[in-house]
Asker: 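Just dropping this structure here.
Only this structure's heavy atoms are used, side chains among them; waters, hydrogens and symmetry mates stay out.
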Amino acid sequence: MDIIECRSENDDYHPDITPIILAAHHNNYQIIKSLLRYGAVIPDPESADSQRTEKHTLQHSVGTLNVYRALASEFYISLTSIDPIGTAFTLSDKLKEMSDQEYEFRAEYIELSEAVEQYAADMLGQARDSEELTTILTHSENRMKKAANESPTGAQLHKVFQAIGYSQKKFVAHPHCQQLLIKRFYGHMSYMRDWGMTKQMGVSFLLLICYPALSLAYIFSPSANVLHFVRTPYVKFLMDLGSRLTFLLFLLLTTIIPPKVVPLEDDVELQGTSHFSQIPVSILVLILIWIIGMTWAEVKSLWDKGLGEFLQSGTKVMDFVILALYWITLTLNLMSYLMVLKESEEVRLAPTASSESFSVNRAPELVDRQVRQAVEDNSPTTIDPTTEFVTDSLDEVNTTQPTFYRLELDPMHPALVADAVYAVATVITFLRLLVLTVSSQLVGPLQISLGGMLFDIGKFILVFAIVWFAFALGLNQIYQAYQEIEYTTCLTESDDCRPGPFYDVSQSMLTLFWALFGLEPLEIIKLDVNGDPGHYFTEAVGTLLYALYLMFAVVVMLNALIAMMSNTYTRVEENSDTEWKFARAKMWTGFLQSGGAVPPPFNVIPCQRTVKKMIKAIQSCLVCHRRRTTQSMIQRKGEAEEQYEKVIRLLVERYILDKTSAGGDSEVGVTRADIMGIRNDVAVFRYETFKSLKAAEDSFDKLKGVLSDIRDQLQRVDEIGEKTNQLDTNVRDLKDRTVEIRDTVDDMTSTLMQTRQKQYKR
């Protein structure tokens, strides 16, 4: 154990590095496995074992980085984690947080985070069939929150939702994940993907315009086919789109239909009650109905997801802002209507003959009444004032311009503020359609680039505001005294006077802003003192500051902004496929989750299923029923966990086998693309080797036949040699016998010769 927990005694390694950390740095599978078998473990960076040094020191920062680099080892995660994919998600997110905290080592932490993110995607790539893929992507750490009647084939893609929450783009954009994601999105309508574009557009448009009928059928129809059809995420998407387009149509009608402009003198029945808002009342009621439905949908979403997850969604925050603006508009319209009612009531109660409340267009009626009264009284003294009054009234009618209610309102009247807030809400509502363009592969990457450019503009504004305010302040100090004199002189001669471009700081900032677009003339920096172009030094300094502002703001900063946006567009374009698939999956999340089948405003109508759920919720208060339900859910959770752990073990074994058979332990600087290139080269080399060996085998077969023939011929030669040897032996035997016979004959001859000689001697 002392060896496993030992640390370097010299300066060769960091003091916090242990054998298991060093092995994880090199991603050595065999050493990591051996050390884990003996109980070695990498400590948590936040634990006391890792806090051996003082914070905010180089030794502590490097030690923390070493620990996180070891924790990011693919083999260590595979061998120690029960859920390697979930561990990779949390570790990648933690590394991103550390990149913000330890910004000195930001590049290293970002690199580790991307490596862990790639590891999760590689683990998903080890799935072999749809069953394994479904088991992985539907796994949830807390399945107790799932519905008790949820089937495995209809289970939600919890792992995908978790990946989207942790911004694991490579995992979500992986082909395996996208395949199941698209299959779940189209649901029972997957066959539409095989149709032509025209047919798809036709069916989609039909579902788009029929969303009211589908919503009412879902609410009141008990048919299971209708329920399954409407709950299809693709159908929910089209119905939601149809509801939004309908709401936008109402907003468009408020612009197309011009407001009624009636002078107060002609509004005899009720002064101002028709002027409390520019929006027609009928359309305003329809907009109110849609806003109520949209608000109810956002409240349910906030209740289900929680405040933290709700605020992390940019679209949810945008919808909240839009609804807040519309509710402010409606509230201000209500205040305006009540104020108009109060004013009209005061007009009714006022004396009709009073000259202060007298309306010019009602003068003939009032004069006629006074003439009749004078005739009835036979009073000439009454006739003369009446005649004079008629003459004066007619002169006033001929010379007075008509008075309009809106022009007489206070600048901060609720009606005027409501119109301004409504205009802003309309702009944001129509811009909300850009979020839906992510579903298109053609427009989606462009929309993502535009979203990234907004952050660039925000960073640019932070720097530009300082430059903008500095030059506005300087130019205001130069020209303020002159323009104050000019403005005061103008007021003595006429009431139609406007302050100069640098009259105050706010006016100076406004002037410099429009100067960015070339909308301000050069005459604004010239000084004319009493008609004489004097004070040339002051004018020269003002001209210099104005020129420096244009050069710095337009030439330098605007071009820097263009370069930043170009960089963002290039970055998105390089990873356009991954970015688009992740953004599309993020948009689909709301439709893939359960609930929210009916779009606004039909979602405020309770359906039969809602009533049944309420009854079941009341019944669940009973102890026995709750116990049975809990036991059933625990049993399902256990079975699902066992299946998930089994699949994860298979994925880990395949991943380790793939990595170890691909060339041993991975080294720093070697990417997956490099490994795949080497594997391809090895495959080509193996093919060429097999081809050469096959040709050599054919040559050997032919040579074997030739050698067989030669062997047969050599065997025949051997047989001939043996026969030759036998003949040679026989010849030698015959030769020996011949020699023996010759010797015998010679002996016999010599004997006979001797015998004859003896006979002759006798």
Side-chain angles (χ1 to χ4, degrees), residues 211-212 215 240-262 267 269-303 307 310-311 313-346 404-433 435 596 598-606:
Y211 79 93
S215 301
D240 182 77
L241 180 60
S243 175
R244 292 183 181 276
L245 292 178
T246 305
F247 182 68
L248 293 179
L249 178 62
F250 294 152
L251 299 181
L252 186 62
L253 290 177
T254 59
T255 305
I256 295 176
I257 301 176
K260 294 182 179 180
V261 179
V262 181
D267 193 1
E269 297 180 358
L270 186 62
Q271 292 189 3
T273 54
S274 60
H275 305 287
F276 76 95
S277 175
Q278 294 189 86
I279 308 174
V281 178
S282 58
I283 299 179
L284 186 62
V285 172
L286 294 175
I287 292 176
L288 176 62
I289 294 173
W290 249 259
I291 291 176
I292 293 174
M294 295 165 65
T295 304
W296 175 245
E298 294 302 320
V299 170
K300 289 181 61 179
S301 177
L302 179 61
W303 177 265
L307 181 60
F310 184 86
L311 294 177
S313 176
T315 56
K316 294 295 182 182
V317 174
M318 180 182 292
D319 292 337
F320 176 80
V321 172
I322 292 173
L323 292 175
L325 292 176
Y326 281 120
W327 280 115
I328 292 174
T329 301
L330 294 174
T331 304
L332 293 173
N333 282 328
L334 179 60
M335 294 173 58
S336 175
Y337 180 73
L338 295 178
M339 293 176 64
V340 168
L341 285 181
K342 183 179 179 181
E343 293 175 0
S344 61
E345 189 66 23
E346 292 177 355
F404 296 96
Y405 181 79
R406 175 169 291 270
L407 299 180
E408 300 297 326
L409 295 178
D410 184 77
M412 297 303 296
H413 192 275
L416 301 181
V417 178
D419 292 339
V421 175
Y422 178 75
V424 176
T426 302
V427 172
I428 301 177
T429 305
F430 274 88
L431 291 178
R432 176 66 169 77
L433 285 178
V435 179
V598 181
F602 302 98
N603 58 340
V604 298
I605 304 176

Asker: Between atom OG1 of Thr329 and atom CG of Leu334, what is the distance when rounded to the nearest 0.5 Å?
Answerer: 12.5 Å
Asker: Does the side chain of Leu433 reach to within under 4.5 Å of the side chain of Leu248, using non-hydrogen atoms?
Answerer: yes
Asker: For a side-chain contact (heavy atoms from CB on, under 4.5 Å) check, start with the C-alpha distance between Leu245 and Leu249, then their side-chain angles and the critical distance, and finish with the verdict.
Answerer: CA-CA 6 Å; Leu245 292 178; Leu249 178 62; over 6 Å; no
Asker: Name the one of Ile322, Val321, Thr315 that satisfies side-chain contact (heavy atoms from CB on, under 4.5 Å) with Met318?
Answerer: Ile322
Asker: Tell me whether Thr254 contacts the main-chain N or O of Leu251 through its side chain, where contact means a donor paired with an acceptor under 3.5 Å.
Answerer: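 Pair found, side chain donor or acceptor close to backbone of Leu251.
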Asker: The test is side-chain contact (heavy atoms from CB on, under 4.5 Å); show your working for Phe247 and Ile291 and say whether it passes.
Answerer: CA-CA 9 Å; Phe247 182 68; Ile291 291 176; 4.2 Å; yes
Asker: In terms of heavy-atom contacts, does CZ of Phe320 have more than 12 from other residues, nucleotides or ligands at under 6.0 Å?
Answerer: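 It does not: Phe320 CZ has 12 such atoms or fewer within range.
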Asker: Between the side chain of Asn603 and the main-chain N/O of Gly293, is any donor-acceptor distance below 3.5 Å?
Answerer: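 Between the backbone of Gly293 and the side chain of Asn603 there is a qualifying donor-acceptor contact (under 3.5 Å).
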Asker: Do Pro414 and Tyr337 have side chains that approach each other closer than 4.5 Å (heavy atoms only, starting at C-beta)?
Answerer: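 Side chain of Pro414 against side chain of Tyr337, heavy atoms only: no contact under 4.5 Å found.
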Asker: Are Tyr422 and Asn333 packed together at the side-chain level, in the sense that at least one heavy-atom pair is separated by less than 4.5 angstrom?
Answerer: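 Answer no - side chains too far apart.
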Asker: Could you tell me whether the side chain of Pro600 reaches within less than 4.5 Å of the side chain of Trp296, counting heavy atoms only?
Answerer: no
Asker: Just one of Thr295, Thr429, Thr331 clears the side chain to side chain donor-acceptor pair (under 3.5 Å) bar with Tyr326, so which one?
Answerer: Thr429
Asker: Taking the side chain as C-beta and beyond, is there a heavy-atom pair between Leu284 and Phe250 under 4.5 Å?
Answerer: no
Asker: Just by modelled atom types, is the Leu332 backbone N or O under 3.5 Å from a matching donor or acceptor in the Ser336 side chain?
Answerer: no
Asker: Quick one: pull up CG in Leu330 and CG in Leu325 and give me the separation to the nearest 0.5 Å.
Answerer: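 Taking CG in Leu330 and CG in Leu325, the distance rounds to 11.0 Å.
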